[in-house]
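Worth saying up front: this structure is predicted, and the values here are computed from it rather than measured. Protein chains get the first letters and strands the later ones, always in sequence-line order, with residue 1 at the start of each.
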Amino acid sequence: MIPSPLASSVVFRIGPIPIARPVVTTWGIMVLMALGSRLATRRLRVHPDLPQTALEALILAVCGQIEEVMRRDCGPFLPLLGTLFLYLCAANLSGVVPGVRAPTAGLETPAALATIVFLAVHYFGVRSRGVLGYLASFAQPKLIMLPLNIVSAVTRTFSLMVRLFGNIMSGEFLIALVVALAGLIVPIPLMALEILVAIVQAYIFTVLAAVFIGAAVGGE
Amino acid sequence: MAFDGWTFLLQAANFAVLVWLLHRFLYRPVLAIIAARKAEIDRQYEQSVTAKSEAQGQLASAAAERAGIAAERDAVLARAAAQAEEAGVALRGEAARSAAGLLEEAHRKIAAERAEALTETHRVAVELAGDMARRLLAEIPATLRTEGWLEKVEQYLAALPGRERQGLALQLAGGAPVRVVSASPLPESARELWRERLGRALRCDLTVELTADPGLIAGVQVNFPAAVLELSWRSQLAALRSQDAPAGERAHADAR
């Protein structure tokens, strides 16, 4: 029996829990990002040097993008949305590294991220409007929109997951097919395109998450 | 298509942990340092605003001091101008008084000099007149020149009161001569004429001595032992001089 190419292989087990490759890859990404962040922020100064300036510019760019989309202060949303963007960039680009498969090329990681966004939308919505106020927002602008809004809340989360999974998985499959058929050099342009797609998909996922959360929070 | 639930849960947990890690090691320090920088910038801005306000205050005080200096300068200038005006008025008054004094002194000097000049001119004129008369009279014979004066002497003696005329005769009673002084020497023949006519006028016998004095200009001087009768132009000119002297002083007074 030929195993499904979409299935994640189990690397090892911790008791009854199987540890698949996307989890291991994610752990690696987490370690790199956490260590990199620790090193980068170890000696921050009021008068910054060039690396600190670049780091602050990155954080402020993400923050600015969030504020531009949500029309709110980015402070409460930066940890979730900023981490979402940085992790998606790292996870999507990890597929370019030989021997590494992007965690987002499997269905579980996009599903987990989409689920977290789904929960975060309701969390920020309830925190901003209250339970009743947030639930009442589903009946806006008309009561007849209530079923559509409920279905929309689920389907847009599903679309988030599928969009990310489909783009990254298809890119990897395409590169793998080209490598199998044409050799080592030919897929390089496709890999460059995949880098672009990886960053664009991270951006799209994050912006859509910001839009969903912003809609749940409501305008100030 | 397989879906591993454990992987789904682990990835969700992994992402949650990653959110915490980045929040702990990335976002919070970076945002904190940005906030610190913003606070530093705000602090420096506040300091600059304070410094600016202080500078503006100092500028305002400097402007006020400058205005005060200008006002003081104007006051000093006004005071100096008033003092200069006062001094000028005093100097002008002093100059006017001095000029008036000088003018008065000059007028006085001019009047004095004019009076002196008038007196001198008059004196010179009298002397010139005497000189001219002397020269003109020199053309006339001495006897003719003295004859008119002899008649005047006779008239004078005749007009005298009898007692005075007798007094004159008594002066000659001892034989003292009557000395007749003429402006030019008289000939010896004139002596007899003078003796005869004076004797007749005094009603006594007498002797006459004749002498000459050009200073008389014209006329005679009859010298008795104790009296002198002079009828000459010299005495008349002297009388004129004495009359003109007050006239010179009057001219001096008019000039003043």
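Annotation: the span from B:Asp4 atom CG to A:Ile19 atom CD1 amounts to 9.5 Å, rounded to 0.5 Å. The line from CZ of A:Phe158 to OG1 of A:Thr115 is 11.0 Å long, rounded to the nearest 0.5 Å. To the nearest 0.5 Å, atom CZ of residue B:Phe15 and atom CG of residue A:Leu88 are 7.0 Å apart. The CG atom of B:Leu26 lies 8.5 Å from the CG atom of B:Leu31; values are rounded to the nearest 0.5 Å. To the nearest 0.5 Å, the span separating CG on A:Leu78 from CD1 on A:Ile66 amounts to 5.0 Å. For the atom pair CH2 (B:Trp149) and CD (B:Glu230), the distance works out to 9.5 Å, reported to the nearest 0.5 Å.
Interface remark: of the candidates B:Leu22, B:Leu21, B:Val17, B:Leu22 forms the most heavy-atom pairs closer than 4.5 Å to chain A.
Contacts of A:Ile116 with chain B are made by side-chain atoms alone, with heavy-atom separations under 4.5 Å and no backbone atom involved. With a 4.5 Å cut-off on non-hydrogen atoms, B:Leu18 touches chain A through its backbone and its side chain both. Both the backbone and the side chain of A:Leu84 come within contact range of chain B, judged by heavy atoms closer than 4.5 Å. Both the backbone and the side chain of A:Pro48 come within contact range of chain B, judged by heavy atoms closer than 4.5 Å. Interface remark: A:Leu80 contributes backbone and side-chain atoms alike to the contact with chain B (heavy atom separation under 4.5 Å). With a 4.5 angstrom heavy-atom cutoff, A:Thr109 touches chain B via backbone and side-chain atoms both. Neither the backbone nor the side chain of B:Leu9 comes within contact range of chain A; no heavy atoms are under 4.5 Å apart. A:Ala40 does not touch chain B: none of its heavy atoms, backbone or side chain, sits under 4.5 Å away. Looking at A:Arg45, the atoms closer than 4.5 Å to chain B (heavy atoms on both sides) all sit in the backbone: N, CA, C or O. A:Leu113 touches chain B through its side chain: at least one heavy atom from C-beta onward sits under 4.5 Å away, while N, CA, C and O do not.
The backbone N or O of A:Asn167 lies less than 3.5 Å from a partner atom in the side chain of A:Ser170, making a donor-acceptor pair.
Heavy-atom proximity under 4.5 angstrom to chain A picks out nothing from residues 67-87 of chain B. Within residues 43-65 of chain B, no residue has any heavy atom closer than 4.5 Å to a heavy atom of chain A.
By the 30° and 60° cut-offs, the orientation of the rings of B:Phe8 relative to B:Phe3 is tilted.
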Step-by-step side chain to side chain contact (heavy atoms under 4.5 Å, CB included) determination, A:Arg101 to A:Thr25: CA-CA 8 Å; A:Arg101 188 183 178 200; A:Thr25 307; over 6 Å; no
CA sep, side-chain torsions, deciding dist, call: B:Glu94, B:Arg97, salt bridge (charged side-chain N to carboxylate O under 4.0 Å, His left out): CA-CA 5 Å; B:Glu94 183 67 23; B:Arg97 281 192 297 276; 3.0 Å; yes
A:Ile195 and A:Met191: CA distance, side-chain angles, deciding distance, side chain to side chain contact (heavy atoms under 4.5 Å, CB included) verdict: CA-CA 6 Å; A:Ile195 292 173; A:Met191 292 173 73; 5.7 Å; no
Side chains of residues 27-38 of chain A: which donor-acceptor pairs under 3.5 Å do they make with residues two or more places apart or in other chains?
unit_1, atom_1, unit_2, atom_2, d
A:Trp27, NE1, B:Asn14, OD1, 2.7
A:Ser37, OG, A:Met33, O, 2.7

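Counting only N and O atoms by type, the side chains of B:Gln221 and B:Ser232 include no donor and acceptor under 3.5 Å apart.
Listed by first and then second residue, the ring pair (Phe, Tyr, Trp, His ring centres under 6.0 Å) pairs involving residues 104-126 of chain A are A:Phe77-A:Phe124, A:Phe118-A:His122, A:His122-A:Tyr134 (not counting sequence neighbours).
When all heavy atoms of A:Val23 and B:Gln11 are compared, the pair lying nearest together is CA-OE1, 3.6 Å.
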